[in-house]
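Below, each value reflects all heavy atoms present in this structure, side chains not excepted, and no hydrogens, waters or symmetry copies. These figures come from a predicted structure and were not determined experimentally.
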Amino acid sequence: MRVATWNINNVVRRLDLLVDWLGRTQPDVVALQELKAPSAAFPRDALEAAGYGALVVGQPTWNGVALLARGREPLPVATALPGDAEDKEARYVEAAIHGVLFASLYLPNGNPQPGPKFDYKLRWFERLRLRAQALWASGQPVILLGDWNVVPTDEDIYKPDTWRDDALLQPGPREAFAKILAQGWTDALRSVHPSERPFTFWDYRRKRWERNAGLRIDHILVGRGFTIDDAGVDREERGRANASDHAPVWAEVRQGRPPRVTRRRKPPGGAPDAPGLPRRA
DNA sequence: ATGTCACCCCTCGGGTGA
């Protein structure tokens, strides 16, 4: 099963790019963020024509999240993150698809920090931690996808010092992300590419795409009971005309343990391990 | 310091958010 997350940065303006990418890569489940459209304006018909059912939580102008499922309708589970009835921002949706619980989340950016927006980010992260803990404890198969608006470590950005005061690099959000990972989740992209710098976002400003001055802030956290066969970033989507400032992140996952692999002895000369060995989530 | 993009409206340009 191929799952993916993409901060589309306005689903109406980016519809042609989205439909084209869906047709080429055929993901089974897609989490979208920053729809920047009310639910009624979501291009439901075009996505249905492309073969996808959708569960949408939109709002005018800002935020907005959705889950797409190829060849079926997502079964709604939640349309808001629990823990604050006053929070009306469209940043969280959960649905069951193929017997797996999926969440599409759009964490608050938090800039400028310090300030009320950063406080909101930390409160939202704490609510997410509690929700993730409850989902993990349920024993169900769960995958959390989204724009987490956190650069987990200094290895996840081209040059941390120019962003040191940004909300995306602060210790508080980083600790919150680490706490969720410590519940047992696997960061799919990091686990498949442990020594690379797979960025997922390049700011429109200062020719950051042209310079590969990127950040890794879009994450797929895989719950218990899955094997992650592969994961990656569809970087070419960021290079297209009229692109979002984020590229899609995807993972190939499979329920169940990895097959028993007879490991060959390492050949002399220190050659690296064979690629593509499955990882247990 | 900005730098881009795209939205909004007390709307054709400045404010806002990312």
Could you walk me through whether A:Q26 and A:R70 satisfy the side chain to side chain donor-acceptor pair (under 3.5 Å) test, starting with their C-alpha distance in whole Å, then the side-chain angles of each, then the deciding distance to 0.1 Å, before giving a yes or no? CA-CA 8 Å; A:Q26 296 280 303; A:R70 187 156 65 95; 3.3 Å; yes
Mind running side-chain contact (heavy atoms from CB on, under 4.5 Å) on A:I143 and A:I220 for me, showing each step along the way? CA-CA 7 Å; A:I143 302 180; A:I220 299 175; 3.8 Å; yes
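Spacing between B:dC7 and B:dA1 at atom C1', rounded to whole Å, works out to 24 Å. Straight-line distance between the C1' atoms of B:dA6 and B:dC12: roughly 15 Å, to the nearest whole Å. The C1' atoms of B:dT2 and B:dC8 are separated by 22 Å, rounded to the nearest whole Å.
Heavy-atom neighbours of A:N212 CG from other residues, nucleotides or ligands within 6.0 Å: above the threshold of 12.
Using a 4.0 Å cut-off between charged nitrogen and carboxylate oxygen, A:R131 and A:E94 count as a salt-bridge pair. A salt bridge links A:R164 with A:D154: the closest approach of a Lys/Arg side-chain nitrogen to an acidic carboxylate oxygen falls below 4.0 angstrom. Using a cut-off of 4.0 Å between Lys/Arg side-chain N and Asp/Glu carboxylate O, A:R216 and A:D187 are scored as salt-bridged. In summary, A:E126 and A:R123 do not engage in a salt bridge, as defined by a charged side-chain N under 4.0 Å from a carboxylate O.
For residues 55-102 of chain A, no residue pair satisfies the ring pair (Phe, Tyr, Trp, His ring centres under 6.0 Å) rule, not counting sequence neighbours.
Heavy atoms of A:N10 sit under 4.0 angstrom from primed sugar atoms or phosphate atoms, though from no base atom. Counting non-hydrogen atoms under 4.0 angstrom, A:R208 reaches nothing in the nucleic acid.
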Could you pull out the protein-nucleic contacts involving nucleotides 15-18 of chain B (nitrogen or oxygen on both sides, under 3.5 Å)?
| unit_1 | atom_1 | unit_2 | atom_2 | d |
| --- | --- | --- | --- | --- |
| B:dG17 | O5' | A:K117 | NZ | 3.3 |

Please tabulate, one pair per line, each protein N/O and nucleotide N/O from nucleotides 8-11 of chain B that are separated by under 3.5 Å, including the distance.
none

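Going from atom NZ of A:K207 over to atom P of B:dT4 covers 8 Å, rounded to whole Å.
Phosphate proximity of B:dC5 to A:N242: absent, as no side-chain N or O sits under 4.0 Å from OP1 or OP2.
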